[in-house]
2 protein chains.
Amino acid sequence: MKEEKAESILNTAKKMFGRYGLQKTTLDEIARMARVAKATIYNYFGSKDRVYLEVLRREANEIVEKISFSVGQEVLPGDKVIAFARAKFQYMRQAINILNLDRDGIEKVLPKAESIRSELFEREVDIICSILEEGVKKGVFYLNNVPLAASAIGHALRGFELNWLVQENEEQIEYHLDELTNIIFYGLVSEKRSANA
Amino acid sequence: MKEEKAESILNTAKKMFGRYGLQKTTLDEIARMARVAKATIYNYFGSKDRVYLEVLRREANEIVEKISFSVGQEVLPGDKVIAFARAKFQYMRQAINILNLDRDGIEKVLPKAESIRSELFEREVDIICSILEEGVKKGVFYLNNVPLAASAIGHALRGFELNWLVQENEEQIEYHLDELTNIIFYGLVSEKRSANA
DNA sequence: TTTAGACTAATATCGTTTTTTAGTCTAAAA
DNA sequence: TTTTAGACTAAAAAACGATATTAGTCTAAA
(Lines give C-alpha, C1' and ligand atoms only; values in the text may rest on other atoms or scores of the structure.)
Protein backbone atom coordinates (compact mmCIF):
# COMPACT_ATOMS: atom_id res chain seq x y z
CA MET A 1 0.00 0.00 0.00
CA LYS A 2 2.96 2.27 -0.48
CA GLU A 3 1.04 4.92 -2.39
CA GLU A 4 4.15 7.06 -2.44
CA LYS A 5 5.79 4.59 -4.80
CA ALA A 6 3.10 5.00 -7.41
CA GLU A 7 3.17 8.72 -6.78
CA SER A 8 6.90 8.90 -7.32
CA ILE A 9 6.64 6.85 -10.49
CA LEU A 10 3.90 9.01 -11.94
CA ASN A 11 5.61 12.27 -11.09
CA THR A 12 8.82 11.11 -12.71
CA ALA A 13 6.96 9.70 -15.68
CA LYS A 14 5.09 12.95 -16.18
CA LYS A 15 8.35 14.90 -16.34
CA MET A 16 10.09 12.44 -18.63
CA PHE A 17 7.17 11.93 -20.98
CA GLY A 18 6.69 15.68 -21.06
CA ARG A 19 10.29 16.29 -22.01
CA TYR A 20 11.04 13.36 -24.31
CA GLY A 21 7.65 12.04 -25.38
CA LEU A 22 6.23 8.55 -25.11
CA GLN A 23 8.63 6.80 -27.48
CA LYS A 24 11.88 8.34 -26.32
CA THR A 25 11.28 7.64 -22.66
CA THR A 26 12.24 4.20 -21.38
CA LEU A 27 10.85 2.47 -18.36
CA ASP A 28 14.36 1.71 -17.21
CA GLU A 29 15.06 5.43 -17.09
CA ILE A 30 11.85 6.13 -15.23
CA ALA A 31 12.64 3.36 -12.78
CA ARG A 32 16.13 4.74 -12.22
CA MET A 33 14.96 8.34 -11.82
CA ALA A 34 12.09 7.37 -9.55
CA ARG A 35 14.40 5.13 -7.51
CA VAL A 36 12.23 2.08 -7.86
CA ALA A 37 12.73 -1.27 -9.53
CA LYS A 38 11.28 -1.68 -12.99
CA ALA A 39 9.30 -4.64 -11.67
CA THR A 40 7.57 -2.27 -9.26
CA ILE A 41 6.30 -0.20 -12.14
CA TYR A 42 4.86 -3.36 -13.64
CA ASN A 43 3.37 -4.28 -10.31
CA TYR A 44 1.50 -1.01 -10.21
CA PHE A 45 0.67 -0.32 -13.83
CA GLY A 46 1.17 -3.48 -15.84
CA SER A 47 2.51 -1.79 -18.98
CA LYS A 48 4.24 1.29 -20.28
CA ASP A 49 1.13 2.48 -22.07
CA ARG A 50 -0.87 2.35 -18.89
CA VAL A 51 1.69 4.48 -17.10
CA TYR A 52 1.40 7.02 -19.86
CA LEU A 53 -2.38 6.93 -19.88
CA GLU A 54 -2.42 7.33 -16.12
CA VAL A 55 -0.24 10.42 -16.44
CA LEU A 56 -2.66 11.84 -19.00
CA ARG A 57 -5.64 10.96 -16.85
CA ARG A 58 -4.16 12.74 -13.87
CA GLU A 59 -3.34 15.81 -15.91
CA ALA A 60 -6.90 15.93 -17.18
CA ASN A 61 -8.29 15.51 -13.68
CA GLU A 62 -6.00 18.19 -12.33
CA ILE A 63 -7.18 20.65 -14.94
CA VAL A 64 -10.84 19.94 -14.37
CA GLU A 65 -10.27 20.22 -10.65
CA LYS A 66 -8.48 23.54 -10.86
CA ILE A 67 -10.97 25.00 -13.29
CA SER A 68 -13.83 23.89 -11.07
CA PHE A 69 -12.17 25.48 -8.07
CA SER A 70 -11.61 28.78 -9.87
CA VAL A 71 -15.18 28.81 -11.12
CA GLY A 72 -16.40 27.95 -7.63
CA GLN A 73 -14.67 31.01 -6.24
CA GLU A 74 -17.05 33.25 -8.17
CA VAL A 75 -20.69 33.88 -7.42
CA LEU A 76 -22.13 35.57 -10.47
CA PRO A 77 -22.55 33.37 -13.57
CA GLY A 78 -20.85 36.02 -15.69
CA ASP A 79 -17.81 36.00 -13.46
CA LYS A 80 -17.81 32.25 -13.60
CA VAL A 81 -17.57 32.24 -17.37
CA ILE A 82 -14.60 34.58 -17.20
CA ALA A 83 -13.00 32.53 -14.46
CA PHE A 84 -13.44 29.43 -16.56
CA ALA A 85 -11.67 30.85 -19.57
CA ARG A 86 -8.80 32.28 -17.55
CA ALA A 87 -8.30 29.15 -15.48
CA LYS A 88 -8.40 26.89 -18.49
CA PHE A 89 -5.62 28.69 -20.26
CA GLN A 90 -3.58 29.24 -17.18
CA TYR A 91 -3.61 25.65 -16.00
CA MET A 92 -3.41 24.02 -19.41
CA ARG A 93 0.21 25.08 -19.37
CA GLN A 94 0.95 22.48 -16.71
CA ALA A 95 -0.68 19.66 -18.61
CA ILE A 96 2.40 19.20 -20.75
CA ASN A 97 1.59 15.76 -22.01
CA ILE A 98 -1.97 16.56 -23.00
CA LEU A 99 -0.64 19.66 -24.69
CA ASN A 100 1.98 17.71 -26.64
CA LEU A 101 -0.74 15.29 -27.54
CA ASP A 102 -2.42 17.62 -29.97
CA ARG A 103 0.76 19.31 -30.97
CA ASP A 104 1.81 15.95 -32.41
CA GLY A 105 -1.50 15.64 -34.18
CA ILE A 106 -2.57 12.71 -31.96
CA GLU A 107 -2.40 10.37 -35.00
CA LYS A 108 0.45 8.09 -34.06
CA VAL A 109 -0.33 7.99 -30.36
CA LEU A 110 -2.63 5.51 -28.63
CA PRO A 111 -6.34 5.73 -29.39
CA LYS A 112 -6.98 5.70 -25.65
CA ALA A 113 -4.96 8.87 -25.35
CA GLU A 114 -7.21 10.63 -27.79
CA SER A 115 -10.26 9.53 -25.88
CA ILE A 116 -8.85 11.07 -22.71
CA ARG A 117 -8.32 14.27 -24.66
CA SER A 118 -11.85 14.38 -26.00
CA GLU A 119 -13.21 13.39 -22.62
CA LEU A 120 -11.48 16.41 -21.14
CA PHE A 121 -13.19 18.54 -23.74
CA GLU A 122 -16.54 17.13 -22.78
CA ARG A 123 -15.93 17.70 -19.11
CA GLU A 124 -15.07 21.29 -19.86
CA VAL A 125 -18.26 21.65 -21.84
CA ASP A 126 -20.14 20.15 -18.90
CA ILE A 127 -18.74 22.82 -16.62
CA ILE A 128 -19.67 25.56 -19.07
CA CYS A 129 -23.07 23.96 -19.38
CA SER A 130 -23.75 24.11 -15.67
CA ILE A 131 -22.58 27.71 -15.52
CA LEU A 132 -24.93 28.65 -18.33
CA GLU A 133 -27.76 26.70 -16.76
CA GLU A 134 -27.32 28.54 -13.52
CA GLY A 135 -27.23 31.81 -15.42
CA VAL A 136 -30.46 31.01 -17.20
CA LYS A 137 -32.10 29.94 -13.96
CA LYS A 138 -31.05 33.16 -12.29
CA GLY A 139 -32.38 35.09 -15.20
CA VAL A 140 -29.09 36.72 -16.25
CA PHE A 141 -28.46 34.58 -19.34
CA TYR A 142 -30.95 33.99 -22.10
CA LEU A 143 -30.48 30.86 -24.18
CA ASN A 144 -32.69 28.52 -26.16
CA ASN A 145 -30.45 25.52 -26.05
CA VAL A 146 -27.99 25.53 -23.18
CA PRO A 147 -25.99 22.36 -24.01
CA LEU A 148 -25.59 23.47 -27.60
CA ALA A 149 -24.43 26.90 -26.52
CA ALA A 150 -21.96 25.37 -24.08
CA SER A 151 -20.57 23.14 -26.80
CA ALA A 152 -20.24 26.06 -29.18
CA ILE A 153 -18.34 28.08 -26.60
CA GLY A 154 -16.17 25.06 -25.92
CA HIS A 155 -15.28 24.77 -29.58
CA ALA A 156 -14.57 28.46 -29.78
CA LEU A 157 -12.13 28.21 -26.89
CA ARG A 158 -10.37 25.33 -28.63
CA GLY A 159 -9.42 27.76 -31.37
CA PHE A 160 -7.43 29.75 -28.87
CA GLU A 161 -5.97 26.69 -27.27
CA LEU A 162 -4.52 25.42 -30.51
CA ASN A 163 -3.25 28.74 -31.72
CA TRP A 164 -1.76 29.49 -28.41
CA LEU A 165 0.60 26.55 -28.73
CA VAL A 166 2.36 28.41 -31.51
CA GLN A 167 1.98 31.92 -30.20
CA GLU A 168 4.34 32.66 -27.37
CA ASN A 169 3.16 36.00 -25.99
CA GLU A 170 0.79 35.38 -23.15
CA GLU A 171 -0.50 38.93 -23.21
CA GLN A 172 -1.93 38.54 -26.71
CA ILE A 173 -3.96 35.58 -25.54
CA GLU A 174 -5.23 37.58 -22.59
CA TYR A 175 -6.39 40.41 -24.81
CA HIS A 176 -8.12 38.16 -27.27
CA LEU A 177 -9.72 36.09 -24.58
CA ASP A 178 -11.05 39.18 -22.85
CA GLU A 179 -12.54 40.39 -26.08
CA LEU A 180 -14.11 37.03 -26.81
CA THR A 181 -15.70 36.77 -23.37
CA ASN A 182 -16.89 40.32 -23.80
CA ILE A 183 -18.57 39.38 -27.07
CA ILE A 184 -19.96 36.18 -25.63
CA PHE A 185 -21.54 38.24 -22.87
CA TYR A 186 -23.00 41.13 -24.67
CA GLY A 187 -22.92 40.09 -28.31
CA LEU A 188 -22.30 42.41 -31.18
CA VAL A 189 -25.68 44.13 -31.14
CA SER A 190 -25.95 45.19 -27.54
CA GLU A 191 -24.94 48.60 -26.27
CA LYS A 192 -24.04 47.27 -22.87
CA ARG A 193 -20.31 46.96 -22.49
CA SER A 194 -17.95 46.02 -19.72
CA ALA A 195 -14.93 48.19 -18.94
CA ASN A 196 -12.86 48.49 -22.10
CA ALA A 197 -9.20 47.66 -22.44
CA MET B 1 1.94 31.83 -73.39
CA LYS B 2 0.03 28.59 -73.22
CA GLU B 3 -1.67 29.36 -69.93
CA GLU B 4 -3.62 26.16 -70.23
CA LYS B 5 -0.46 24.17 -69.69
CA ALA B 6 0.17 25.76 -66.31
CA GLU B 7 -3.50 25.38 -65.56
CA SER B 8 -3.46 21.70 -66.36
CA ILE B 9 -0.35 21.16 -64.29
CA LEU B 10 -1.80 22.96 -61.27
CA ASN B 11 -5.13 21.17 -61.46
CA THR B 12 -3.43 17.81 -61.64
CA ALA B 13 -0.99 18.76 -58.91
CA LYS B 14 -3.82 19.87 -56.65
CA LYS B 15 -5.55 16.51 -57.00
CA MET B 16 -2.39 14.46 -56.54
CA PHE B 17 -1.03 16.48 -53.63
CA GLY B 18 -4.48 16.38 -52.07
CA ARG B 19 -4.65 12.63 -52.31
CA TYR B 20 -1.07 11.56 -51.63
CA GLY B 21 0.53 14.56 -49.96
CA LEU B 22 3.65 16.47 -50.93
CA GLN B 23 6.15 13.69 -50.36
CA LYS B 24 4.32 10.82 -51.97
CA THR B 25 3.58 12.68 -55.17
CA THR B 26 6.27 12.71 -57.85
CA LEU B 27 6.72 15.26 -60.59
CA ASP B 28 6.98 12.46 -63.11
CA GLU B 29 3.51 11.34 -62.14
CA ILE B 30 2.13 14.84 -62.32
CA ALA B 31 3.73 15.28 -65.73
CA ARG B 32 2.25 12.04 -66.96
CA MET B 33 -1.22 12.75 -65.59
CA ALA B 34 -1.22 16.31 -66.88
CA ARG B 35 0.08 15.15 -70.25
CA VAL B 36 3.04 17.50 -70.27
CA ALA B 37 6.77 16.92 -70.22
CA LYS B 38 8.48 17.16 -66.89
CA ALA B 39 10.69 19.86 -68.35
CA THR B 40 7.60 21.97 -68.93
CA ILE B 41 6.80 21.92 -65.24
CA TYR B 42 10.29 23.19 -64.58
CA ASN B 43 9.88 25.82 -67.24
CA TYR B 44 6.82 27.15 -65.49
CA PHE B 45 7.55 26.65 -61.83
CA GLY B 46 11.24 25.94 -61.37
CA SER B 47 10.87 23.43 -58.54
CA LYS B 48 8.52 20.95 -56.95
CA ASP B 49 8.10 23.10 -53.86
CA ARG B 50 6.99 26.06 -55.93
CA VAL B 51 4.36 23.95 -57.65
CA TYR B 52 3.06 22.94 -54.25
CA LEU B 53 3.13 26.46 -52.89
CA GLU B 54 1.31 27.70 -55.98
CA VAL B 55 -1.40 25.12 -55.38
CA LEU B 56 -1.75 26.31 -51.80
CA ARG B 57 -1.78 29.94 -52.87
CA ARG B 58 -4.56 29.31 -55.34
CA GLU B 59 -6.59 27.40 -52.81
CA ALA B 60 -6.26 30.27 -50.36
CA ASN B 61 -7.24 32.81 -52.99
CA GLU B 62 -10.20 30.76 -54.06
CA ILE B 63 -11.49 30.58 -50.51
CA VAL B 64 -11.09 34.28 -49.87
CA GLU B 65 -12.77 35.00 -53.19
CA LYS B 66 -15.74 32.74 -52.50
CA ILE B 67 -16.18 34.01 -48.97
CA SER B 68 -16.03 37.59 -50.19
CA PHE B 69 -18.63 36.84 -52.82
CA SER B 70 -20.98 35.20 -50.33
CA VAL B 71 -20.57 38.07 -47.90
CA GLY B 72 -21.11 40.55 -50.72
CA GLN B 73 -24.48 38.97 -51.50
CA GLU B 74 -25.81 40.16 -48.17
CA VAL B 75 -26.70 43.69 -47.19
CA LEU B 76 -27.12 43.67 -43.44
CA PRO B 77 -23.91 43.34 -41.39
CA GLY B 78 -25.56 40.65 -39.30
CA ASP B 79 -26.35 38.59 -42.37
CA LYS B 80 -22.82 39.12 -43.56
CA VAL B 81 -21.38 37.59 -40.43
CA ILE B 82 -23.58 34.55 -40.87
CA ALA B 83 -22.70 34.34 -44.55
CA PHE B 84 -19.05 34.50 -43.68
CA ALA B 85 -19.20 31.60 -41.27
CA ARG B 86 -21.26 29.43 -43.58
CA ALA B 87 -19.16 30.15 -46.64
CA LYS B 88 -15.91 29.56 -44.82
CA PHE B 89 -16.87 26.10 -43.71
CA GLN B 90 -18.55 25.19 -46.94
CA TYR B 91 -15.66 26.15 -49.19
CA MET B 92 -12.87 25.06 -46.91
CA ARG B 93 -13.82 21.54 -47.88
CA GLN B 94 -12.43 22.16 -51.35
CA ALA B 95 -9.12 23.48 -50.12
CA ILE B 96 -7.86 19.95 -49.55
CA ASN B 97 -4.20 20.78 -49.37
CA ILE B 98 -4.58 23.64 -46.93
CA LEU B 99 -6.79 21.37 -44.88
CA ASN B 100 -4.23 18.58 -44.85
CA LEU B 101 -1.68 21.17 -43.92
CA ASP B 102 -2.95 21.60 -40.43
CA ARG B 103 -4.14 18.04 -40.11
CA ASP B 104 -0.48 17.05 -40.35
CA GLY B 105 0.44 19.59 -37.74
CA ILE B 106 2.34 21.72 -40.29
CA GLU B 107 5.64 20.85 -38.59
CA LYS B 108 7.38 18.85 -41.25
CA VAL B 109 6.12 20.87 -44.19
CA LEU B 110 7.76 23.94 -45.74
CA PRO B 111 7.84 27.12 -43.65
CA LYS B 112 6.45 28.98 -46.65
CA ALA B 113 3.40 26.74 -46.55
CA GLU B 114 2.71 27.75 -42.99
CA SER B 115 2.96 31.40 -43.89
CA ILE B 116 0.33 30.91 -46.59
CA ARG B 117 -1.87 29.28 -43.98
CA SER B 118 -1.48 32.08 -41.47
CA GLU B 119 -1.88 34.66 -44.22
CA LEU B 120 -5.23 33.09 -45.06
CA PHE B 121 -6.22 33.44 -41.44
CA GLU B 122 -5.31 37.12 -41.49
CA ARG B 123 -7.25 37.72 -44.66
CA GLU B 124 -10.27 36.11 -43.09
CA VAL B 125 -9.89 38.32 -40.05
CA ASP B 126 -9.65 41.31 -42.38
CA ILE B 127 -12.98 40.39 -43.92
CA ILE B 128 -14.57 39.97 -40.52
CA CYS B 129 -13.01 43.27 -39.53
CA SER B 130 -14.58 45.16 -42.38
CA ILE B 131 -17.95 43.57 -41.69
CA LEU B 132 -17.77 44.60 -38.06
CA GLU B 133 -16.59 48.07 -39.00
CA GLU B 134 -19.52 48.52 -41.29
CA GLY B 135 -21.84 47.26 -38.57
CA VAL B 136 -20.45 49.74 -36.10
CA LYS B 137 -20.71 52.57 -38.61
CA LYS B 138 -24.31 51.67 -39.34
CA GLY B 139 -25.02 51.57 -35.64
CA VAL B 140 -26.06 47.94 -35.43
CA PHE B 141 -22.90 46.61 -33.76
CA TYR B 142 -21.32 48.04 -30.66
CA LEU B 143 -17.64 47.38 -30.16
CA ASN B 144 -14.75 49.11 -28.44
CA ASN B 145 -12.00 47.51 -30.44
CA VAL B 146 -13.06 46.24 -33.83
CA PRO B 147 -9.81 44.59 -34.98
CA LEU B 148 -9.45 42.81 -31.67
CA ALA B 149 -13.03 41.58 -31.84
CA ALA B 150 -12.50 40.40 -35.41
CA SER B 151 -9.39 38.51 -34.40
CA ALA B 152 -11.18 36.92 -31.45
CA ILE B 153 -14.01 35.74 -33.68
CA GLY B 154 -11.46 34.45 -36.16
CA HIS B 155 -9.78 32.40 -33.46
CA ALA B 156 -13.10 31.09 -32.26
CA LEU B 157 -13.96 29.87 -35.75
CA ARG B 158 -10.62 28.08 -35.95
CA GLY B 159 -11.79 25.89 -33.10
CA PHE B 160 -14.57 24.60 -35.31
CA GLU B 161 -12.32 24.29 -38.29
CA LEU B 162 -9.87 22.03 -36.50
CA ASN B 163 -12.44 19.95 -34.73
CA TRP B 164 -14.40 19.56 -37.87
CA LEU B 165 -11.51 17.75 -39.50
CA VAL B 166 -12.15 14.86 -37.14
CA GLN B 167 -15.91 15.10 -36.87
CA GLU B 168 -17.64 13.75 -39.93
CA ASN B 169 -21.27 14.83 -39.58
CA GLU B 170 -21.82 18.12 -41.36
CA GLU B 171 -25.09 18.72 -39.58
CA GLN B 172 -23.46 18.92 -36.19
CA ILE B 173 -21.18 21.65 -37.42
CA GLU B 174 -24.18 23.54 -38.80
CA TYR B 175 -25.96 23.41 -35.47
CA HIS B 176 -22.97 24.50 -33.48
CA LEU B 177 -22.09 27.22 -35.91
CA ASP B 178 -25.62 28.58 -35.80
CA GLU B 179 -25.52 28.65 -32.04
CA LEU B 180 -22.16 30.37 -32.00
CA THR B 181 -23.25 33.10 -34.41
CA ASN B 182 -26.36 33.48 -32.35
CA ILE B 183 -24.28 34.04 -29.24
CA ILE B 184 -21.90 36.31 -31.07
CA PHE B 185 -24.84 38.43 -32.11
CA TYR B 186 -26.84 38.70 -29.00
CA GLY B 187 -24.50 37.53 -26.28
CA LEU B 188 -25.54 35.59 -23.24
CA VAL B 189 -27.18 38.44 -21.39
CA SER B 190 -29.55 39.79 -24.01
CA GLU B 191 -33.19 38.75 -24.24
CA LYS B 192 -33.26 39.28 -27.98
CA ARG B 193 -33.04 36.01 -29.83
CA SER B 194 -33.19 34.95 -33.43
CA ALA B 195 -35.40 32.08 -34.54
CA ASN B 196 -34.47 29.02 -32.56
CA ALA B 197 -33.56 25.64 -33.98
C1' DT C 1 6.43 -6.19 -1.14
C1' DT C 2 10.18 -4.55 -3.17
C1' DT C 3 14.45 -5.16 -5.23
C1' DA C 4 18.41 -6.07 -8.48
C1' DG C 5 19.41 -8.27 -12.13
C1' DA C 6 19.20 -11.92 -15.63
C1' DC C 7 16.62 -13.15 -19.54
C1' DT C 8 13.71 -13.15 -24.02
C1' DA C 9 11.17 -11.56 -27.79
C1' DA C 10 9.89 -7.72 -30.04
C1' DT C 11 11.12 -3.27 -31.62
C1' DA C 12 14.06 0.32 -32.81
C1' DT C 13 18.59 1.90 -34.59
C1' DC C 14 22.20 2.06 -37.64
C1' DG C 15 25.12 1.52 -41.63
C1' DT C 16 25.07 -0.06 -46.25
C1' DT C 17 23.23 -1.01 -50.74
C1' DT C 18 19.73 -0.23 -54.10
C1' DT C 19 16.14 2.35 -56.04
C1' DT C 20 13.64 6.42 -56.79
C1' DT C 21 13.20 11.02 -57.87
C1' DA C 22 14.24 16.11 -58.26
C1' DG C 23 16.35 18.70 -61.33
C1' DT C 24 19.35 19.42 -65.89
C1' DC C 25 20.36 18.93 -70.59
C1' DT C 26 19.82 17.89 -75.49
C1' DA C 27 18.14 17.21 -79.83
C1' DA C 28 14.08 16.60 -82.30
C1' DA C 29 9.12 17.88 -83.07
C1' DA C 30 5.36 21.13 -83.07
C1' DT D 1 9.89 29.69 -79.81
C1' DT D 2 8.06 26.48 -77.05
C1' DT D 3 7.26 21.78 -75.97
C1' DT D 4 8.57 17.16 -75.90
C1' DA D 5 10.69 12.57 -74.89
C1' DG D 6 14.13 10.73 -72.91
C1' DA D 7 18.87 10.33 -71.15
C1' DC D 8 21.50 11.70 -67.36
C1' DT D 9 23.28 13.04 -62.46
C1' DA D 10 23.24 13.95 -57.78
C1' DA D 11 20.61 13.72 -53.94
C1' DA D 12 17.22 11.72 -51.26
C1' DA D 13 14.39 7.83 -50.02
C1' DA D 14 13.45 2.87 -49.56
C1' DA D 15 15.10 -1.74 -48.53
C1' DC D 16 17.59 -4.55 -45.87
C1' DG D 17 20.22 -6.95 -42.65
C1' DA D 18 23.06 -6.64 -38.59
C1' DT D 19 23.23 -4.64 -33.98
C1' DA D 20 21.57 -2.78 -30.01
C1' DT D 21 17.51 -1.23 -27.01
C1' DT D 22 13.86 -1.95 -24.55
C1' DA D 23 9.18 -3.76 -22.98
C1' DG D 24 7.86 -7.23 -20.35
C1' DT D 25 8.81 -11.72 -17.41
C1' DC D 26 10.92 -14.31 -13.91
C1' DT D 27 13.67 -15.42 -9.83
C1' DA D 28 15.83 -15.39 -5.65
C1' DA D 29 17.18 -12.49 -2.09
C1' DA D 30 16.24 -8.37 1.08
Side-chain angles (χ1 to χ4, degrees), chain A residues 1-57 97 100-101 104-113 116, chain B residues 1-57 97 100-101 104-105 107-113:
Chain A
M1 291 293 159
K2 287 276 191 182
E3 272 298 302
E4 52 175 286
K5 291 278 175 194
E7 205 60 35
S8 168
I9 292 166
L10 286 173
N11 286 335
T12 309
K14 168 168 170 138
K15 282 177 204 152
M16 311 264 300
F17 285 139
R19 199 181 293 277
Y20 305 110
L22 174 58
Q23 323 272 355
K24 296 271 182 189
T25 306
T26 71
L27 280 192
D28 288 287
E29 284 175 315
I30 293 178
R32 187 152 33 82
M33 296 283 289
R35 298 172 181 285
V36 296
K38 192 165 64 156
T40 309
I41 299 180
Y42 278 89
N43 270 343
Y44 278 110
F45 301 101
S47 81
K48 186 190 184 185
D49 287 356
R50 296 178 68 144
V51 176
Y52 184 64
L53 291 175
E54 191 53 35
V55 168
L56 290 180
R57 221 169 278 135
N97 292 288
N100 289 147
L101 206 57
D104 299 344
I106 283 181
E107 312 113 20
K108 71 203 76 167
V109 94
L110 316 165
K112 284 260 180 181
I116 290 177
Chain B
M1 289 294 161
K2 288 277 193 182
E3 272 299 303
E4 51 176 287
K5 291 278 177 195
E7 205 60 35
S8 168
I9 292 166
L10 286 173
N11 286 334
T12 309
K14 170 171 170 138
K15 282 176 205 156
M16 311 265 299
F17 285 138
R19 200 182 293 275
Y20 305 110
L22 174 58
Q23 324 271 354
K24 296 269 183 191
T25 306
T26 73
L27 279 194
D28 288 287
E29 284 175 316
I30 293 177
R32 187 150 35 81
M33 295 283 287
R35 299 173 180 286
V36 297
K38 192 166 64 158
T40 308
I41 299 179
Y42 279 89
N43 270 342
Y44 278 110
F45 301 101
S47 80
K48 186 189 184 184
D49 287 356
R50 296 178 68 144
V51 177
Y52 184 64
L53 292 175
E54 191 55 33
V55 168
L56 290 180
R57 223 171 275 134
N97 292 286
N100 288 147
L101 206 58
D104 299 345
E107 311 114 20
K108 70 204 76 172
V109 96
L110 315 163
K112 284 257 178 180

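Chain letters run A, B, ... following the sequence lines, proteins first, then strands; residues in each count from 1.
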>> A/I30 and side-chain contact (heavy atoms from CB on, under 4.5 Å): which single residue from A/D28, A/L27, A/T26 fits?
In response: A/L27
>> Nearest 0.5 angstrom please: B/E54 CD to B/K14 NZ, how far?
In response: 12.5 Å
>> Rounded to whole Å, how long is the line connecting atom CD1 of B/I30 with atom P of C/dA22?
In response: 8 Å
> C/dG23 C1' sits how many Å from B/D28 CG, rounded?
Replying inline: 10 Å
>> Could you measure the distance from the CG atom of A/L101 to the CD1 atom of A/I116? Nearest 0.5 Å is fine.
In response: 8.5 Å
>> I'd like to check B/N97 versus B/Y52 (side-chain heavy atoms, cut-off strictly below 4.5 Å). Are they in contact?
In response: yes
> Can you name the nearest heavy-atom pair linking A/T25 to A/M16, along with the distance?
Replying inline: OG1-O, 3.3 Å
> Quick one: A/Q23 CD to D/dA23 P, roughly how many Å, whole number?
Replying inline: 10 Å
> Taking CZ from B/F45 and C1' from C/dA22, how many angstroms apart are they, rounded to a whole number?
Replying inline: 16 Å
>> Reading 5' to 3' and counting Watson-Crick or G-U wobble pairs with both distances under 3.5 Å, write the dot-bracket notation for DNA chain D, | for bases paired outside the strand.
In response: ||||||||||||||||||||||||||||||
> Tell me, which of residues 33-41 of chain A have any heavy atom that sits under 4.0 Å from an atom in DNA chain C?
Replying inline: A/R35, A/V36, A/A37, A/A39, A/T40
>> For the CZ atom on A/R57, are there more than 12 heavy atoms of other groups (residues, nucleotides or ligands in this structure) within a distance under 6.0 Å?
In response: yes
> Which whole-number value in Å describes the distance from A/K48 NZ to D/dA23 P?
Replying inline: 4 Å
> In terms of side-chain heavy atoms of A/K5, which of C/dA22, C/dT3, D/dG24 is nearest?
Replying inline: C/dT3
> Does a side-chain N or O from A/Y44 land closer than 4.0 Å to OP1 or OP2 of C/dT1, or not?
Replying inline: no
>> What is the distance, to the nearest angstrom, from the CZ atom on A/R32 to the P atom on D/dA23?
In response: 12 Å
>> In whole Å, I'd like the distance from the CG atom of A/N43 to the C1' atom of D/dT27.
In response: 13 Å
> Below 4.5 Å, heavy atoms only, C-beta onward: do B/E7 and B/N11 meet side chain to side chain?
Replying inline: yes
> For B/I9 and D/dT4, what is the distance between atoms CD1 and P respectively, to the nearest whole Å?
Replying inline: 8 Å
Heteroatom pairs (N/O) under 3.5 angstrom, protein to nucleotides 28-30 of chain C:
none

>> Quick one, B/I9 and B/F45 - any side-chain contact, counting heavy atoms below 4.5 Å?
In response: yes
>> Under the side-chain contact (heavy atoms from CB on, under 4.5 Å) test against B/F17, which residue among B/N100, B/V51, B/L56 passes?
In response: B/V51
>> Please find the pair of heavy atoms, one from A/A37 and one from A/A31, that lie closest to each other, and give the distance.
In response: C-CB, 4.2 Å
> Do you know which two heavy atoms are closest between A/L53 and A/A113, and how far apart they sit?
Replying inline: CD2-N, 3.7 Å
